[in-house]
Amino acid sequence: MPPSTDETSPPSPDQPAETGRPLHFIEQIVEADNTAGRWGCWSPSSIATTESCRTPSDGEPRRLGMPRVHTRFPPEPNGYLHVGHAKSICLNHGLARRYDGKFNLRFDDTNPAKEEQEYVDSIIRDVRWLGAEFDPSRGMHGGGLYFASDYFGHMHAFAVELIRKGLAYVCQLTAEEVSAQRGTPQVPATSPWRDRPVEESLRLFDEMRRGVHHDGSMTLRARIDLASPNFNLRDPVMYRIVRQPHHNTASAWCIYPMYDWAHGLEDSIEGITHSICTLEFENHRPLYDWFIDAINHGRSHDGSGPWGARIHHPRQIEFAKLRPTHTVLSKRNLLKLVESGIVGGWDDPRLPTLSGLRRRGYTSESIRSLCEDVGVTRAESVIDLGRLENAVRNHLNATAPRAMAVLRPLKVVVENWPDDPRSGKPVVDHLDFVVNPETLEHGGSSARRKVPFSRVLYIERDDFMEDPPKKFFRLSPGQEVRLRWAYVIRCVGVVKDSAGEIVEVRCVHDPATRGGDIPLGPDGKPIRKVQGTIHWVSAQHAVPAEVRLYDRLFTAEEPGAATGSYLDDLNPKSIEIVEALVDPYLVQAARFHADRDEGDRFQFERLGYFCVDRDSSPDRLVFNRTVTLKDTWAKESRR
RNA sequence: UGGGGAUUGGUGUAACGGUAGCACCGCUGACUCUGGAUCAGCUAGUCUAGGUUCGAAUCCUAGAUCCCCAGCCA
């Protein structure tokens, strides 16, 4: 069995580094276990046999002699990972890192009817993207990537052992009959097969394995307690007949273990110390304990005796899952959105899947930061989706280069802009543009770049009003506004089409405000005040780009709460596609990186954060809006 | 009605018998070449009822509300 489970060296007194935050309840449990020496310490052999040296800097010598902390993330490959899984990944991987332990990615692939290689691949990609490193060399003796199906042989041997011990039996009730005889909280279940002779169960179980019986015709059940108030203990099914090929074991098996039978054994085999799962599995814990105890019954510490050595018994800890508002997380609902075509696929940017969030432009840092932020408890809670949005805003504000883009263009002509006397065409001015004001002081040579300006520009339609309300600090007839990093302009007129629609705004600029600075008076103060600053692009230089404006997929906090059907709460405006005009700088700067499955991210000033979509091609940029900037004007104008 | 859990401002989370704190949201104001960011301030909480104690969010008793469990899913 791979990782040693009976190490007896004393616990290290070393405590993990402070993070400034109080320990959450699982960390407290881990530290108490470490102090008590409950799981022993990492030994040279346990390290050598279970992990190769992919990240030598992450230090085996450091782990050596430390109390053993070994966690895992155990997804079933029957769908894509979502933010809820991210919390579990961050928790499990975070514990392993914090306590110099190990982290396994293990696929719980016990049901060939629902599982596919596509899901395996996507899950590996998403876990890596989140930054939860595991050793990718496959297999029990190679590293941190495991498959439950690798243990089918082990599990089968344990099952035979339980039959021999009189603790399991082959039951020939159909699924319907089992259901009908399940009983009630007060009335026990029944099975006419539970006292069948051991030899007969052994023979039938072998026939099940060899595929001589039809799917559903019989099961292997644990003999526990048909009257237990905990239904999980009413002789649960351990194996069912499923004569289907498996993505990993092909057609080696005709029977497959049930989750409840398999899961605890997987953790035991891998030497997992803390089996962390969500609240709904608390009711199953007595069953997992029973299975391990049943196997250990008659076994000895030193391996002497008929049944061999005792197996490892992990400690299960349950926590409350992450539940964001305005979205759905269950695989059933997600699958329905994908298959019905309501969204474009598992990586649709409106989906809470990790691949959807990645395509939307979310950074893995921001998702990790949210998970750290919401904490770990046993109380069920709902997290406002706004917190996820805040997390990515915070990260991107600090890191994303700025650019200008006009989503709904309105033409502006600067009447007093000079022509070049030689060509007779309008002068082109190249102005300084700050790449990211948050990092200006330590930006070095990349802190500024040039942006072209000329006589004809485009501004945002929303930034002009012919008849503005109070506190509208933008462009309107007779009023001044600053063009970001360029000039102060004043509106001197508008041009309308035959329908009365404004098609052009006429302005004059003040040459003394080049760069956007207001000249200083004799007192050293700016000679006048300009309230508003708006973004713009030069008509001659701007490049067209497709911009996909995403919004929340659902309008209701809890989709389906009102009518019972979550589809009733779909947001009809969850996507809007516009033809925008963007800063020519983006033609060079904006790339999609297929190797990372991520596009470059930018802040389009005053609009929000945007990333390059994988649909972009060399001659056409496509951007996804990750999230808008906070907009207090929008809030103000709604009043 | 059986079993297993949970309950602290609008939201999330600390306080582990000794001053109910932090973050987000909201609201003020300052600052600002992004109505962004930043900074300062304000609002607001221990599910209920009893009890133990000098002292209770914390311990005890009773109740309320919410979540999970009767798949050959995980």
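These numbers come from the heavy atoms of this one structure, side chains and all, not from hydrogens, waters or symmetry mates. Labels below follow one simple rule: chain letters A, B, ... track the order of the sequence lines, proteins then strands, and each chain is numbered from 1.
- Base engagement by A:Phe472 is indicated by at least one non-hydrogen atom pair under 4.0 Å involving a base atom.
- Remark: A:Arg449 qualifies as a cation-pi partner of A:Tyr585 under the 6.0 Å distance and 45° angle criteria applied to the six-membered ring.
- Between A:Arg606 and A:Asp462 no salt bridge is recorded (no basic side-chain N to carboxylate O distance below 4.0 Å).
- Side-chain proximity of A:Thr632 to the nucleotides B:G5, B:G35, B:U34 is greatest for B:G35.
- Phosphate proximity of B:C27 to A:Lys635: present, with a side-chain N or O under 4.0 Å from OP1 or OP2.
- B:C67 sits 22 Å from B:A62 when the C1' atoms are compared, rounded to a whole Å.
- The aromatic rings of A:Trp536 and A:Phe453 sit perpendicular to each other, their planes meeting at more than 60°, with 30° as the lower class boundary.
- Between B:A74 and A:Thr110, a contact under 4.0 Å exists linking OP1 or OP2 to a side-chain N or O.
- When heavy atoms are screened at a 4.0 angstrom cut-off, A:Asn397 is found touching base atoms of the nucleic acid.
- OP1 or OP2 of B:G35 has at least one side-chain nitrogen or oxygen of A:Arg606 nearer than 4.0 Å.
- Of the candidate nucleotides B:U11, B:C68, B:A37, B:C68 has the atom lying nearest to any side-chain atom of A:Glu280.
- Its glycosidic angle being within 90° of 0, B:G71 falls on the syn side.
- In this model, the phosphate group of B:U13 is approached by a side-chain N or O of A:Thr377 to a distance below 4.0 Å at OP1 or OP2.
- In the displayed structure, A:Arg490 atom CZ is contacted under 6.0 Å by at most 12 heavy atoms of other residues, nucleotides or ligands.
- Atom NE2 of A:His284 and atom P of B:C73 are 14 Å apart (whole Å).
- Counting non-hydrogen atoms under 4.0 angstrom, A:His263 reaches nothing in the nucleic acid.
- If you take atom P in B:A57 and the same atom in B:G50, they sit 15 Å apart, rounded to whole Å.
- Heavy atoms of A:Gly516 sit under 4.0 angstrom from at least one base atom.
- Counting any heavy atom pair closer than 4.0 Å across all strands shown, A:Arg474 reaches a base atom.
- Base contact: A:Glu605 has a heavy atom under 4.0 Å from a base atom.
- On a pure distance criterion of 3.5 Å, a polar donor-acceptor pair joins the side chain of A:Asn283 and the base of B:C68.
- Taking the six-membered ring wherever Trp is involved, the centroid distance between the rings of A:Trp261 and A:Phe291 falls below 6.0 Å.
- For A:Tyr288 and A:Asp260, the side-chain atoms include at least one donor-acceptor pair closer than 3.5 Å.
- Closest contact between the side chain of A:Lys114 and the listed nucleotides B:A14, B:C73, B:G36 involves B:C73.
- Checking B:C73, B:C67, B:U1 against the side-chain heavy atoms of A:Gln186 singles out B:U1 as nearest.
- The separation of B:C27 from B:C68, taken at their P atoms, amounts to 34 Å, rounded to a whole angstrom.
- Separating the P atom of B:C42 from that of B:A23 is a span of 12 Å, rounded to the nearest Å.
- Using a 4.0 Å heavy-atom cutoff across all strands shown, A:Glu636 reaches no nucleic acid atom at all.
- A salt bridge between A:Arg106 and A:Glu270 is present, with a side-chain N of the basic residue lying under 4.0 Å from a carboxylate O of the acidic one.
- Looking at heavy-atom distances under 4.0 Å, A:Thr219 makes contact with a base.
- Between A:Lys630 and B:C25, a side-chain N or O to OP1/OP2 separation shorter than 4.0 Å is present.
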>> Set out, in order, the CA-CA distance, both residues' side-chain angles and the distance that settles salt bridge (Lys or Arg N to Asp or Glu O under 4.0 Å) for A:Arg315 and A:Asp267, then state yes or no.
In response: CA-CA 10 Å; A:Arg315 188 213 268 239; A:Asp267 286 344; over 6 Å; no
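- Within 4.0 Å of A:Leu388, counting heavy atoms only, lies no atom of the nucleic acid at all.
- Side chain of A:Ser179 to backbone of A:Ala175: no donor-acceptor contact under 3.5 angstrom is found.
- Going from atom CG of A:Leu81 over to atom C1' of B:A74 covers 14 Å, rounded to whole Å.
- With B:G35, B:C25, B:C73 as the choices, the nucleotide that has an atom nearest any side-chain atom of A:Asn390 turns out to be B:C25.
- At whole-Å resolution of the value, CH2 in A:Trp485 and P in B:U34 are 7 Å apart.
- Nucleic acid contact class of A:Asp517 (heavy atoms, under 4.0 Å, all strands): base.
- Within 4.0 Å of A:Arg378, counting heavy atoms only, lie sugar-phosphate atoms of the nucleic acid but no base atom.
- Annotation: of the two residues near RNA chain B, A:Ile534 and A:Phe281, the 5′-most nearest-nucleotide partner is A:Ile534.
- Comparing A:Asn230 and A:Ala175, the nucleotide of RNA chain B nearest to each residue sits closer to the 5' end for A:Asn230.
- Residue-level contact check: A:Val530 touches neither bases nor backbone, having no heavy atom under 4.0 Å from any strand.
- Between the side chain of A:Tyr239 and the main chain of A:Phe205, no donor-acceptor pair closer than 3.5 Å is present.
- Distance A:Glu318 CD to B:C69 P: 14 Å, rounded to the nearest Å.
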> Once Watson-Crick and G-U wobble pairs under 3.5 Å are found, how is RNA chain B written in dot-bracket notation, 5' to 3', with | for any base paired to another strand?
Replying inline: .((((((..((((....[..)))).(((((.......)))))....(((((..]....))))))))))).....
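- Within the nucleic acid shown, A:Pro286 has no heavy atom closer than 4.0 Å to any nucleic acid atom.
- Stacking of the aromatic ring of A:Phe231 onto the base of B:A70 is not found under the criterion of centres within 5.5 Å and planes under 30°.
- Between B:A37, B:A23, B:G35, one nucleotide has an atom nearer to the side chain of A:Asp373 than all others, and that is B:A23.
- Taking 3.5 Å as the limit, the base of B:U34 and the side chain of A:Gln603 contain a donor-acceptor pair of atoms between them.
- Within the nucleic acid shown, A:Met218 has no heavy atom closer than 4.0 Å to any nucleic acid atom.
- Nucleotides B:G55 and B:A20 are separated by 15 Å at their C1' atoms, to the nearest Å.
- With both ends at atom C1', the span from B:U53 to B:G17 equals 9 Å, rounded to whole Å.
- Taking atom NZ of A:Lys331 as the reference point, atom C1' of B:G71 lies 16 Å away to the nearest angstrom.
- At least one donor-acceptor pair under 3.5 Å links the side chain of A:His82 to the backbone N or O of A:Leu329.
- Side-chain atoms of A:Arg285 and base atoms of B:G4 include no donor and acceptor less than 3.5 Å apart.
- For the C1' atoms, the distance linking B:G4 with B:U8 amounts to 23 Å, nearest Å.
- B:C39 sits 12 Å from B:C25 when the P atoms are compared, rounded to a whole Å.
- With hydrogens and angles ignored, the 3.5 Å screen pairs no side-chain donor or acceptor of A:Arg196 with any backbone N or O of A:Tyr169.
- The side chain of A:Trp633 lies closest to B:G35 when the candidates are B:G35, B:G2, B:C73.
- Picking from B:A74, B:G4, B:A14 the nucleotide with the shortest atom distance to the side chain of A:Arg240 gives B:A74.
- Nearest to the side chain of A:Arg182, among B:U7, B:C24, B:C72, sits B:C72.
- Ranking B:G2, B:U13, B:A37 by closeness to the A:Pro229 side chain, first place goes to B:G2.
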